[in-house]
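Taking it in order: structure first as structure tokens, then the write-up.
Naming convention: chains lettered A, B, ... in sequence-line order (proteins, then strands); numbering from 1 in each chain.
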Amino acid sequence: MPREIPKAYEPQEIEQRWARAWYEERLYRADAGAPGEVFSIVIPPPNVTGSLHIGHMLDHTEIDILVRWHRMRGYNTLYLPGTDHAGISTQRVVVRQLTEKGIHYRGLGRDEFEKKVWEWKAESGGTITRQMIALGESCDWTRERFTMDPGLSRAVREVFVRLFEDGLIYRGRYIVNWCPHCLTAISDLETVHEQRNGKLWYLRYPVVGSSEHLVVATTRPETMLGDTGIAVHPDDERYTHLVGRKVLLPLMNREIPIVADSFVDREFGSGVVKLTPAHDPNDFEAGKRHGLAEIDVMTDDAKMNAAAGKYAGLDRFEARKKVVEDLTALGLVERVADHVNAVGTCDRCKTDVEPRLSMQWFVKMKPLAEPAVAAVESGQIRIIPENRRTEYFEWMRNIRDWCVSRQLWWGHRIPAWHCGDCAEITVARETPAECAKCGSAKLTADPDVLDTWFSSALWPFSTMGWPEQTADLKKYYPTSALITGYDILFFWVARMIMMGLKFTGQVPFRAVYLHSLVRTAEGAKMSKSKGTGIDPIDLNLRFGTDAMRFVLASMAAPGTDIVLSEDRILGARAFANKIWNAARFLLVNLEKVEATGITLEELAAPEIRAAAPHRRDGKLDLAERWIFSRLAATTAEVNAALAEYRFHEAAHVVYHFFWGDFCDWAIEWVKPRLTGADREDVVVAWRNLFAVFEAALRLLHPFMPFLTEELWHRLPQAAGARSISLQPFPRARPEARDLGAERDMALLQEIVVAARNARSELKLDPRRKVAAEVSVSAPATRALIEANLEPLVRLASLASLHIAPGEGQRLDPAKGAVRSSPDFEICIPFGDAIDSKAEIAKLRKEKERLARDVESKTTRLEDAAFRSKAPGEVVKTMEDTLAERRVELQKLSERLKQLEAAPQE
RNA sequence: AGGCCCGUAGCUCAGUUGGUUAGAGCGCUACCUUGACACGGUAGAGGUCUGGGGUUCGAGUCCCCACGGGCCUACCA
């Protein structure tokens with residue numbers, strides 16, 4: 001490794017180099033035969049047509065942090081990547097491509113089209129996986145899966161057939177959500193409801209054999225062409241006399257019955273509902289109850305068909321206009337009101353969904369949902385954050401059957417064959433030669449494919465080779481956790497749980513962590529179509545992937561959405577740069593040491609680092625005891641935070657340790673020793689510093705893999721050392737905790753800060769070193785200061801620090817600015833210009849604050865109820881604190897009095 | 001309609017079981033180009049936790065109400 005190290009961290013080249021190396025060396029290949037406790041995660045499969053967006057970046061950052069953390073802690077770790085085949089999206093992409101070449105896909109035929117899709121996949125379907133590789137995600141790329149792979153396809157067929165055999169799959173004519181643009185049925189979940197300002201038309205239908213009219217209210221007048229009845233509430237006295245009679249459907253001149261049905265809301269509109277069983281789910285149900293005809297008045301692309309009479313050929317929205325016009329001309333529109341309603345739109349293409357009667361395949365969900373509810377209730381699966389459980393239960397308990405057939409050419413073909421002779425359906429794992437019922441060979445394969453999510457639901461086990469009992473399945477299933485966005489809870493989390501339980505008898509994962517959404521600076525949901533999405537690749541290039549990972553992790557508080565701003569990213573980039581420069585400090589200073597004949601290998605070889613902390617004459621310097629203690633504490637905190645998916649907390653403690661403890665204090669404290677004259681001390685100081693630094697890199701590695709890998713390799717390593725990611729995570733060594741050292745160090749830091757503060761208030765020239773005086777309240781503090789005089793003087797920019805004799809001595813506020821604590825007082829002598837006014841103002845403010853605090857505590861402690869009811873510990877703490885504060889207040893008041901009495905300048 | 005979440009420093013957000021003087025990052029102010037780092041250093045200003053009521057010895061934290069914002073589910077035409 002080159003000793004030259006640039007002044008600022010430039011991530012681009014470094015990230016590229018390591019990403020490639022990790023991938024090419026297959027560094028993260030899992031070994032199902034290896035021992036060890038297992039940690040496994042399957043990626044929530046991204047859409048194969050997609051490219052990485054900021055939501056993936058967050059998701060994958062969290063996954064990769066957990067994966068790297070576990071791997072370093074010795075778990076047998078698997079992170080399995082892959083993509084799903086995204087039926088509708090992919091078909092659309094390829095159809096468009098063909099159209100651009102002047103080819104109509106229907107003309108190609110199904111087989112030929114499928115070939116084209118595979119060609120497209122080979123060429124362009126790898127965007128997101130390439131991006132993941134570039135991001136350095138520690139996946140096992142040898143196990144990459146795709147939902148249309150032969151193995152996974154086999155799992156899909158197996159599941160379909162078994163569900164069918166268990167009576168959980170049926171086929172029938174029902175109202176489904178139909179997308180007239182994608183030309184397929186879609187499920188309820190793929191139908192997104194949107195609030196619209198629409199109209200409510202009140203239409204007059206003449207009652208046959210009477211001069212009366214019945215007024216119906218509708219939001220979709222064009223569907224009246226398919227009306228086959230109208231309904232009123234059975235108890236609605238306004239209309240009881242008309243039940244059983246007929247109305248003459250205007251425009252169509254069709255007589256349709258008036259029926260009574262309690263589903264009608266008397267309060268809404270006129271209390272009369274037109275019934276269009278082929279275009280509305282409620283009407284469909286009502287139609288069944290009353291034996292009404294089902295007249296489909298539209299084509300599959302939502303134009304009016306022959307059943308719509310003279311409106312045939314019109315688009316549904318044109319037809320609406322025309323129908324209203326014609327009815328108006330006939331005087332049959334009583335009135336029009338504004339009306340807000342929820343319109344279903346296609347999740348993929350945003351076209352208004354048409355509820356449409358058609359023959360589809362469905363999965364019965366209730367029997368699958370029950371065990372899935374139980375698994376979460378019993379805690380076999382943990383959902384984090386917990387409040388999402390409510391949503392899960394709510395949805396699961398009201399679950400509706402799942403329409404799984406799609407009228408597409410790209411996807412898993414439904415394994416069903418229709419007999420040309422007896423019309424029976426044969427469902428089978430392998431293409432049957434003859435009809436299961438009549439033996440006829442006139443079989444036609446069902447044209448439909450399955451919903452993409454059907455295969456996604458099997459992902460946790462289909463990727464591991466199920467239905468074979470493979471070594472992977474035995475070792476890595478159930479997986480440890482599923483990390484995904486809360487918006488996807490029902491799409492696959494719930495379905496994976498149902499399918500996992502049904503087909504493996506086990507939960508698919510032991511925990512579900514649902515992270516938040518990344519929002520724009522305005523707090524809006526990012527949207528590709530609105531152009532408000534952030535391209536993470538672009539940000540990674542500009543600021544570094546590590547910085548992006550870190551900022552996402554540090555903002556990823558469970559249950560809170562992330563508002564990403566450039567300022568925050570800059571902060572993370574600065575952190576990366578800080579670490580880089582800490583390394584730079586070590587490496588450039590080392591040259592000076594090497595000049596004396598000490599080698600880097602002697603100071604920082606792996607076995608040397610492993611033997612830390614190193615002692616001098618059996619003793620360890622206070623600052624060293626302290627930093628090793630902080631390291632152990634920080635490690636414990638990181639472990640605890642990550643175990644609970646508290647990424648933001650983990651990121652925060654690492655940040656504070658590295659910057660606040662290590663850079664600000666540990667390095668500063670030790671500086672002179674590193675180039676001192678005492679050879680043995682130099683060696684010990686360096687060894688300890690390197691040991692802490694290297695451990696800190698490992699601590700940080702899950703969050704910032706590239707930077708830490710690069711710096712780790714710049715340290716001397718054993719021959720053949722491959723990667724920091726394969727090194728053990730720091731241990732939380734309780735024996736390294738040294739509360740005494742932490743307390744002592746805190747006291748010394750307090751002295752330094754007090755001195756700096758006094759200097760700053762006095763507006764002393766920062767370069768001017770002054771002789772300061774300190775007094776102590778206890779002999780131990782004196783010893784502590786004496787033992788650490790050099791760093792104290794240096795870090796507080798003093799010329800000297802004189803320790804006043806005895807204990808509890810008050811320093812003279814006339815001589816300089818005095819700062820105090822219960823343990824010490826320090827006096828920084830006034831400079832040439834004495835600004836006693838500022839000093840007085842400062843002290844007054846401080847006094848007020850203290851006085852307020854003393855007063856409130858006094859009141860609390862005088863309260864008999866508090867003393868009797870609060871825990872003794874709390875009372876005791878408050879008493880101690882109050883005593884200290886009183887002394888402080890007393891000191892402060894005296895100082896203030898003296899200053900105020902002195903002549904003002 | 002039902003359910004969930006949020007409202008804490010100028011901004012974006014932490015604050016696990018209620019318990020000392022409520023934290024961070026960025027921004028801001030002053031000073032510092034000190035030989036790791038100006039993507040830096042040092043010091044500092046700045047919130048009484050949306051409002052009201054309640055429980056409690058004690059509430060940012062628990063309960064109720066109001067206001068403001070967001071999200072999800074739902075077949076009211």
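- Every residue meeting the salt bridge (charged side-chain N to carboxylate O under 4.0 Å, His left out) condition with A:Lys199, not counting sequence neighbours, appears here in chain and number order: A:Asp338.
- Looking at heavy-atom distances under 4.0 Å, A:Val216 makes no contact with the nucleic acid at all.
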List, with names and distances, any nitrogen or oxygen atoms from the protein found under 3.5 Å away from nitrogen or oxygen atoms belonging to nucleotides 2-5 of chain B.
none

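- With salt bridges taken as basic N to acidic carboxylate O contacts below 4.0 Å, one links A:Lys842 and A:Glu761.
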Report, one pair per line, the protein and nucleotides 22-28 of chain B atoms (nitrogen or oxygen only) whose separation is under 3.5 Å.
from	atom 1	to	atom 2	distance (Å)
B:C26	O2'	A:Asp567	OD2	3.1

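- Residue side chain A:Glu668 reaches the base of B:A36 through a donor-acceptor N/O pair under 3.5 Å, judged by distance alone.
- The side chain of A:Asp853 lies closest to B:U21 when the candidates are B:U21, B:C57, B:G46.
- A:Lys876 comes within contact range of no nucleotide atom at all, as no heavy-atom separation falls under 4.0 Å.
- At least one cation-pi condition fails for A:Arg495 and A:Phe490: the charged atom is not both under 6.0 angstrom from the six-membered ring centre and inside a 45 degree cone around its axis.
- Between A:Ala217 and A:Tyr202, the shortest heavy-atom distance links the atoms CB-CE2, 3.9 Å.
- Within the nucleic acid shown, A:Pro871 comes within 4.0 Å of at least one base atom, counting heavy atoms only.
- Taking atom CZ of A:Arg584 as the reference point, atom P of B:C39 lies 14 Å away to the nearest angstrom.
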Close N/O contacts between protein and nucleotides 75-77 of chain B (under 3.5 Å):
from	atom 1	to	atom 2	distance (Å)
B:C75	OP1	A:Arg400	NH1	2.7
B:C75	OP1	A:Arg400	NH2	3.2
B:C75	O2'	A:Asn282	ND2	2.5
B:C75	O2	A:Asn282	OD1	2.3
B:C75	O2	A:Asn282	ND2	3.1
B:C76	O2	A:Asp265	OD2	3.0
B:C76	N3	A:Asp265	OD2	2.2
B:C76	N4	A:Asp265	OD2	3.4
B:A77	N6	A:Asp265	O	2.7
B:A77	N6	A:Phe268	O	3.3
B:A77	N1	A:Asp265	N	3.2

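- Note: CG (A:Leu882) to C1' (B:U20) measures 11 Å, nearest angstrom.
- Rounded to an integer number of Å, the gap from A:Arg573 CZ to B:A38 P is 12 Å.
- Distance check on atom C1': B:G47 versus B:C11 gives 13 Å, rounded to whole Å.
- Every residue meeting the salt bridge (charged side-chain N to carboxylate O under 4.0 Å, His left out) condition with A:Arg196, not counting sequence neighbours, appears here in chain and number order: A:Glu194, A:Asp352.
- The structure places CG of A:Asp227 at 10.0 Å from NE2 of A:His279, a figure rounded to the nearest 0.5 Å.
- Of the listed nucleotides (B:U12, B:G44, B:A36), B:U12 has the atom at the smallest distance from the side chain of A:Val563.
- Every stem involving RNA chain B, taken as at least 3 paired positions in a row under the Watson-Crick or G-U wobble test at 3.5 Å, is listed here: B:1-7 with B:67-73, B:10-13 with B:23-26, B:28-32 with B:40-44, B:50-54 with B:62-66.
- If you check every strand for non-hydrogen atoms under 4.0 Å, A:Arg767 touches sugar and phosphate atoms only.
- Cation-pi geometry between A:Arg397 and A:Phe393 is met: under 6.0 angstrom from the ring centre, within 45 degrees of the axis.
- Under 3.5 Å, the side chain of A:Lys7 and the base of B:C37 form no donor-acceptor pair of N or O atoms.
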